[in-house]
Novice: 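To start, I am sharing the structure in question, which I have written as structure tokens.
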Amino acid sequence: KDSFNVCWSIYVGWMPWGYGDNAGIVDKWADKYDIEINVVQINDYIESINQYTAGQYDGCVMTNMDALTIPAAGGVDSTALIVGDFSDGNDGVVLKGQSDLSAIEGQRVNLVELSVSHYMLARGLESVGMSERDITVVNTSDADLVSAFASDDITAVATWNPLLSEILKAPDSNLVFDSSQIPGEIIDLMVVNTETLEANPKLGKALTGAWYEIMAKMQGDTDDAKAVRTALAEASGTDLAGYESQLDSTRMFYAAKDAVAFVNSPELKNTMQRVAEFSFEHGLLGEGAPDADFIGVEMPAGNYGSASNTQLRFTPEYMQMAADGAL
Amino acid sequence: MKKLINRQPGTVGRWAYGLLPFVLIAIVYTMASGARLADNPNDKLLPAAATMVDSMTRMAFEPSRRTGDLLLWADTLASLERLGIGVGLAALTGLIVGIANGTIPLVRAGLSPVITGISLVPPMAILPILFIAFGLEQLAKIMLIFIGITPFLIRDLQQRTMEIPEEQIIKMQTLGANTWQIILRLVLPQIMPRLISAVRLSLGSAWLFLIAAEAIAATEGLGYRIFLVRRYLSMDVILPYVLWITLLAFLIDFALNRYSRWRYPWFHDRNQ
Amino acid sequence: MKKLINRQPGTVGRWAYGLLPFVLIAIVYTMASGARLADNPNDKLLPAAATMVDSMTRMAFEPSRRTGDLLLWADTLASLERLGIGVGLAALTGLIVGIANGTIPLVRAGLSPVITGISLVPPMAILPILFIAFGLEQLAKIMLIFIGITPFLIRDLQQRTMEIPEEQIIKMQTLGANTWQIILRLVLPQIMPRLISAVRLSLGSAWLFLIAAEAIAATEGLGYRIFLVRRYLSMDVILPYVLWITLLAFLIDFALNRYSRWRYPWFHDRNQ
Amino acid sequence: MATIELKNLWKEYGQEVVLERLNARVEAGEFVTIVGASGCGKTTFLKMLLGTESPSRGELLLDGKPIPAEPDETRGIVFQRYSVLPHLTAERNVMLAGELAANRFLGHAFGEQRRVLKEAARAMLEDVGLGHALDKYPHELSGGMQQRLALAQALIKKPRILLLDEPFGALDPGIRKDMHALVLKLWKEQQLTVFMITHDLDEGFYLGTRLWVFDKDRLDLQAPGAYGARITYDLPVGKDDRGTLDDIASRVDTTARALG
Amino acid sequence: MATIELKNLWKEYGQEVVLERLNARVEAGEFVTIVGASGCGKTTFLKMLLGTESPSRGELLLDGKPIPAEPDETRGIVFQRYSVLPHLTAERNVMLAGELAANRFLGHAFGEQRRVLKEAARAMLEDVGLGHALDKYPHELSGGMQQRLALAQALIKKPRILLLDEPFGALDPGIRKDMHALVLKLWKEQQLTVFMITHDLDEGFYLGTRLWVFDKDRLDLQAPGAYGARITYDLPVGKDDRGTLDDIASRVDTTARALG
Ligand SMILES: Nc1ncnc2c1ncn2[C@@H]1O[C@H](COP(=O)(O)OP(=O)(O)OP(=O)(O)O)[C@@H](O)[C@H]1O
Ligand SMILES: Nc1ncnc2c1ncn2[C@@H]1O[C@H](COP(=O)(O)OP(=O)(O)OP(=O)(O)O)[C@@H](O)[C@H]1O
Ligand SMILES: [Mg+2]
Ligand SMILES: [Mg+2]
């Protein structure tokens with residue numbers, strides 16, 4: 001097999017994939033390893049993960065939590081090939097007219113249910129000694145959150161960028177909690193099918209090589225870098241300033257070695273445990289799951305959960321090659 | 001040997017032919033599902049029949065861990081309530097405006113063009129405006145259904161009203177009726193069975209809009225559940241839910257048809 | 001003074017009455033927009049007319065910096081292509097299956113029940129399955145339109161086929177026609193204008209499905225653009241796009257009607 | 001009782017002249033039968049009497065005043081088809097006129113008033129021989145029964161003028177004869193002024209007190225719409241011989257062929 | 001040439017007996033006219049001849065063999081309405097039979113073959129007096145012209161048997177007479193066997209060589225469906241006087257009233 005499909009959806013930390021595709025960077029790296037890589041944009045984030053889980057794509061971008069609850073819980077052994085960034089304020093809870101998170105008690109909170117926003121909200125509530133029982137969660141489609149916020153019915157939302165920054169532009173809105181208070185827990189990944197990757201290391205190499213080339217191009221204050229970021233901004237439907245403000249709240253790992261360090265750190269294991277427990281409580285690991293560690297997660301700092309059912313693997317292998325310039 | 005066009009199946013043949021495609025679909029599904037599950041026993045895309053039955057038993061008879069509800073019934077009730085109110089309001093509006101448009105030329109001149117225009121606007125594209133006007137709660141969902149099907153109902157009933165033979169309208173006038181009486185005693189009763197047909201025709205769209213509305217913002221409902229569990233590709237819930245919706249749609253259609261035949265024999269027997 | 005039911009507006013009156021609601025809508029919009037903008041000059045929800053004109057000029061006449069396309073036209077082309085192929089395939093299938101069902105009792109016995117069943121399944125609820133079955137490229141979008149409207153087309157055309165007077169089918173046989181010739185020389189030509197009406201009726205749903213499909217996976221298209229800018233609440237783009245879609249829908253409908261009247265005078269003149 | 005006058009009456013649709021230069025006077029209580037080729041304007045004339053069409057030129061007077069320009073209760077009508085309301089039973093069809101008068105807003109009668117209407121309707125239906133079909137819907141009645149019902153419905157309102165547009169055209173010959181007897185009986189009892197269009201010259205001769213033949217006396221084969229039909233015969237019935245009848249028949253046939 | 005035999009023919013729909021004990025023999029070239037009250041089963045009988053209905057009991061034989069159970073080119077038909085194809089011009093309507101035979105798959109003729117068909121169609125249309133309306137669609141033709149067209153369309157196929165179900169019922173009396181002449185002419189020229197249903201006893205007498213009256217000779221007023229109609233008169237036409245005609249008329253009327 002030498003032709004592969006990967007998909008991505010519109011989000012600040014994943015926009016580079018679209019640029020890499022348009023600018024021919026991905027093709028260039030694919031050619032180098034003598035394979036073919038199709039990069040496909042999917043607007044609906046969940047649909048892209050579903051498609052990956054159903055086997056239509058060999059790789060897909062997603063967060064750590066969704067990687068655990070959708071493909072891994074669905075029995076598709078997945079590897080986090082590239083850790084691109086973690087959210088550092090890109091996800092937040094917004095209240096209308098009130099500036100304190102504890103005021104959320106009793107309100108209806110609009111968010112994409114069971115998503116990282118839900119997780120972040122739960123973490124936020126924890127931080128003020130509340131739990132989900134103190135509020136009502138209203139599932140709201142991400143595409144409609146911004147316009148819905150203009151309605152008087154909505155008083156509280158939990159969401160991510162670019163929706164978050166749009167919502168914060170509304171006169172009455174206050175950011176009461178954001179992911180910078182739980183740094184490193186919401187991680188954006190490029191996930192590939194473990195089996196495919198093992199059979200075709202070339203795929204991992206080409207993707208990783210391409211990614212860090214794009215990273216190098218978009219970073220910095222040169223005109224070229226600005227031009228790249230302007231293109232990313234337009235593709236996500238905003239302008240340079242808007243995109244950069246989103247970047248500000250995203251901890252991008254421009255350098256491969258930072259990403260490697262992050263994956264190797266023991267923090268990751270704690271994070272994944274917390275995510276797994278949250279997911280279990282909400283039934284995301286499947287109804288057959290007897291407890292939170294039913295699905296095994298393999299990490300450099302040690303494994304979490306059932307070793308016999310390892311379905312999600314974090315590996316620094318390819319990023320390390322990039323850091324070493326070995327690609 | 002008769003020509004194909006003249007060959008009729010017998011009663012048994014009719015049933016056999018009619019059931020065959022359903023059986024085929026079931027067989028194809030079972031085979032495809034079996035193949036995928038053999039590959040990956042955790043596959044969620046095409047779950048086995050037993051898995052679906054399990055999931056549905058859970059949804060229907062075990063209280064949810066989070067809310068304590070019996071989810072299937074809670075969802076069904078919520079959705080049917082929205083559908084009922086939305087379609088009911090649309091039917092009422094369609095009836096009133098359709099009859100006014102169809103009977104009174106001055107009203108028709110004023111409203112017909114704007115209704116044609118509105119009927120061409122795809123409601124999904126103007127969601128933000130709907131949110132502002134109607135919020136995001138129950139009202140918004142009902143209004144999406146309402147806005148989605150009312151233009152069709154109005155135009156259809158206007159058409160049907162205009163098809164009432166001119167002779168009967170003249171006849172009413174020679175019996176001394178004024179405009180209001182013509183509407184009340186001639187047009188309204190004759191349009192009622194046609195309203196039911198129009199509603200039956202529009203129910204498919206109504207379900208679409210309901211599901212779309214519940215996908216946007218909801219805490220319960222059949223569409224909500226489908227879009228929620230889509231997050232983790234629980235086809236074992238989605239597929240039975242879709243079948244359940246199909247069954248509900250069929251039952252509603254059937255009941256409306258039966259009611260109409262019972263209530264308006266003069267309409268149906270004449271058109272036999 | 002004549003009864004209301006007998007009073008007809010003159011030509012001028014007809015135009016005036018017809019335009020009035022549109023003017024009212026424009027005035028209400030302008031006032032609401034003005035009020036919101038006075039409150040918050042950065043309000044995006046109800047942009048001023050000038051802002052919308054600006055945005056549309058940019059979309060229509062300035063090449064996008066990213067791709068170099070004129071976005072409005074690129075989107076329109078992409079959407080119309082999908083709509084055209086989807087509706088075209090649906091029409092073809094509807095024609096073939098509808099005629100086969102309507103003419104040949106044995107086929108009808110086999111297919112009619114399963115098509116009724118399928119027509120009740122809301123396509124939005126099985127989106128995930130569709131995307132898995134047909135991928136996320138052009139095919140999936142076309143298939144959503146196809147699956148959305150084909151059952152309706154089949155059922156409508158089957159109905160219309162069965163309405164062809166029995167006398168004409170007998171007449172064909174007495175002139176020596178076999179089943180195939182009856183279909184080719186009698187049923188097909190008589191169903192063509194009815195196919196056009198059925199397509200006109202189904203275009204509203206086709207647009208809905210197109211927009212839904214483009215919102216999920218596309219890189220251009222009218223629905224994609226609306227979906228994309230919706231996250232930023234760019235109503236200055238959304239509203240003109242909606243108007244544009246409405247205009248396109250109107251033009252397509254108008255053209256189909258004109259074509260049908262020109263091509264099938266025997267059908268339209270008879271039904272006058 | 002009504003007097004109807006036609007004074008140089010014309011009816012045109014755009015370029016097409018349908019009727020021209022009609023002049024006549026009909027006294028109360030006359031029974032005018034109208035024959036003529038298909039498409040020569042008989043129904044158009046009846047519509048002018050009814051008020052749903054208005055004259056292009058000339059005057060159509062009822063008791064010296066222009067006839068009201070919309071249908072009302074002075075003029076009853078029975079069409080060839082669609083003459084009764086399909087959603088009401090026979091009895092309700094006949095009660096309708098009374099109910100409409102009883103309550104201008106609801107168009108329904110209640111209590112005592114309703115009982116009286118019901119009784120009157122039943123008597124009327126007995127009269128036209130439908131006493132056994134009170135609760136039947138029109139679609140359950142044969143064509144002849146439907147037309148009897150239409151007559152009952154129109155006559156209970158006691159119109160001054162009764163207009164009949166080929167009311168028996170769709171009936172069996174035998175049933176037709178019964179209807180003739182019925183119409184003559186009701187006409188005499190209620191002292192109506194009747195205008196009746198028929199395709200059947202014999203019927204026209206047998207029924208009326210006066211027979212009108214509508215025909216185009218000028219006929220341009222290239223442009224059949226250039227000239228309108230006129231009243232070419234206006235015969236007091238009973239005073240004419242078989243010769244006239246045959247003569248009329250052959251003339252009407254010529255026109256029919258030219259138009260058809 | 002065709003011989004048709006009815007041997008103890010019955011037709012029932014469920015409990016309802018429509019026709020019972022029909023026995024007759026019709027030789028090639030006869031012109032049978034059929035009259036009877038509405039609903040007594042005339043059309044049902046024609047449908048059996050056509051093959052769209054089959055006998056419940058007894059036999060209906062064509063040249064000694066059961067008549068084919070579906071319509072085919074041996075039997076042509078003209079109905080009261082819907083008899084021509086609305087989507088084809090007059091000429092194409094008449095060419096149709098030839099086109100269907102020319103190409104079993106496409107049902108279209110091309111080149112020389114097409115020219116010949118066109119010529120024949122034109123000649124036929126001249127014959128029925130529609131030479132000037134070749135390119136008109138049926139909806140542009142009057143009722144009489146449509147029925148001429150239907151005749152032309154049926155006869156160009158040269159069927160052995162021609163079935164006519166009240167073909168002139170909807171026409172003006174004058175135009176009707178022209179059609180009679182046309183049918184008689186074509187019948188003689190093509191030596192057809194004709195069965196024609198009519199409501200008009202005079203028409204039946206004038207046209208046929210043989211007149212059949214369908215009537216219920218046993219009639220249960222409580223259950224009109226208990227007994228079926230039979231051929232109560234089978235008259236060689238021309239040998240009967242006015243008395244018979246009146247007698248028939250009054251009997252048929254009695255049945256019609258009972259059924260209607
Ligand atoms: N609304 C109209 N607009 C234009 N022409 C009309 C209209 N109504 C009738 N006509 C024309 O007027 C002529 C007379 O029609 P009308 O219906 O009065 O004939 P008729 O004598 O009643 O015929 P028939 O015996 O067939 O009922 C016809 O040529 C018809 O085409
Ligand atoms: N398919 C059917 N099923 C049941 N009953 C039928 C069917 N077709 C005809 N009949 C009944 O058979 C009887 C004879 O009908 P038919 O049409 O043959 O009468 P007809 O003599 O042609 O009458 P008309 O002069 O009105 O055309 C009627 O009582 C009718 O109700
Ligand atoms: Mg007329
Ligand atoms: Mg008949």
Side-chain angles (χ1 to χ4, degrees), chain C residues 95-96 98-100 102-109 157 159-198 256-257 259-272, chain E residues 43 46-47 49-53 68-90 92-109 135-141 149-150 153-163 165:
Chain C
L95 189 68
I96 294 173
I99 286 182
T103 344
I104 303 172
L106 293 181
V107 175
R108 178 161 66 245
L157 291 176
Q159 198 54 43
R160 301 289 154 260
T161 303
M162 291 172 70
E163 280 170 12
I164 293 179
E166 184 65 20
E167 284 90 342
Q168 295 183 11
I169 293 179
I170 293 172
K171 169 58 78 116
M172 286 296 285
Q173 299 185 51
T174 64
L175 296 180
N178 56 31
T179 301
W180 171 245
Q181 288 181 320
I182 292 174
I183 290 175
L184 202 66
R185 294 293 322 262
L186 172 71
V187 182
L188 183 65
Q190 290 209 24
I191 286 302
M192 282 309 294
R194 293 174 169 103
L195 172 68
I196 294 181
S197 331
L256 283 176
N257 188 16
Y259 173 78
S260 185
R261 289 188 170 276
W262 166 76
R263 187 72 184 70
Y264 306 105
W266 54 267
F267 178 75
H268 295 277
D269 295 355
R270 185 180 51 169
N271 290 4
Q272 250 170 11
Chain E
T43 298
L46 220 64
K47 281 183 180 165
L49 281 175
L50 192 59
T52 58
E53 291 287 355
E70 59 178 351
D72 62 23
E73 53 246 81
T74 51
R75 291 151 289 170
I77 183 140
V78 176
F79 298 102
Q80 181 167 8
R81 302 195 312 143
Y82 303 123
S83 241
V84 288
L85 306 183
H87 64 289
L88 297 177
T89 59
R92 300 299 304 273
N93 256 299
V94 180
M95 285 168 66
L96 185 59
E99 289 190 289
L100 293 172
N103 185 323
R104 294 309 286 167
F105 186 68
L106 290 178
H108 272 281
D135 291 327
K136 294 229 160 117
Y137 284 102
H139 75 269
E140 298 171 294
L141 303 177
L149 179 57
Q153 187 185 42
L155 290 178
I156 204 162
K157 188 73 192 168
K158 302 209 185 306
R160 297 162 62 193
I161 304 167
L162 181 64
L163 308 173
D165 193 354

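We name chains A, B, ... by the order of the sequence lines, and we start the count at 1 in each one. Quick note: numbers below take in every heavy atom, side chains included, and nothing from hydrogens, waters or symmetry partners. Owing to the predicted nature of the structure, the values given are computational and were not obtained by experimental measurement.
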Novice: For the interface with chain C, which of E:Val84, E:Leu100, E:Thr74 has the highest count of heavy-atom pairs at distances below 4.5 Å?
Specialist: E:Leu100
Novice: Step by step, would you call E:Leu85 with C:Met172 a side-chain contact (heavy atoms from CB on, under 4.5 Å)?
Specialist: CA-CA 9 Å; E:Leu85 306 183; C:Met172 286 296 285; 3.6 Å; yes
Novice: Could you tell me which of E:Thr52, E:Val78, E:Leu88, E:Leu96 has the largest number of non-hydrogen atom pairs under 4.5 Å with chain C?
Specialist: E:Leu96
Novice: Which heavy atom of E:Arg81 sits nearest to which heavy atom of C:Glu167, and what is that distance?
Specialist: O-CG, 4.3 Å
Novice: Testing the basics here: between E:Pro71 and C:Gln173, what is the closest heavy-atom pair and its distance to 0.1 Å?
Specialist: CD-OE1, 3.3 Å
Novice: Where on E:Glu140 is there a heavy atom nearer than 4.5 Å to chain C: the side chain, the backbone, both, or neither?
Specialist: neither
Novice: By a 4.5 Å heavy-atom criterion (distance strictly below it), what part of E:Arg104 contacts chain C: side chain, backbone, both, or neither?
Specialist: both
Novice: List the steps and the verdict of side-chain contact (heavy atoms from CB on, under 4.5 Å) for C:Arg185 and E:Arg92.
Specialist: CA-CA 11 Å; C:Arg185 294 293 322 262; E:Arg92 300 299 304 273; 3.6 Å; yes
Novice: Pick whichever of C:Leu186, C:Ile164, C:Thr174 has the most heavy-atom pairs under 4.5 Å with chain E.
Specialist: C:Thr174
Novice: Could you report the tightest heavy-atom contact between C:Gln181 and E:Gly107, atom names first, then the distance?
Specialist: NE2-CA, 3.7 Å
Novice: How close do C:Gln190 and E:Pro86 get, heavy atom to heavy atom, and via which atoms?
Specialist: NE2-CD, 3.4 Å
Novice: Under a 4.5 Å heavy-atom cut-off, does chain E meet the side chain of C:Leu184, its backbone, both or neither?
Specialist: side chain
Novice: Rounded to the nearest 0.5 Å, what separation is found between the OH atom of E:Tyr137 and the CZ atom of C:Phe267?
Specialist: 13.5 Å
Novice: Before giving the answer on ring-ring contact (aromatic ring centres under 6.0 Å, His included), spell out for E:His87 and C:Trp266 the whole-Å C-alpha distance, their side-chain angles and the decisive distance to 0.1 Å.
Specialist: CA-CA 6 Å; E:His87 64 289; C:Trp266 54 267; 5.7 Å; yes
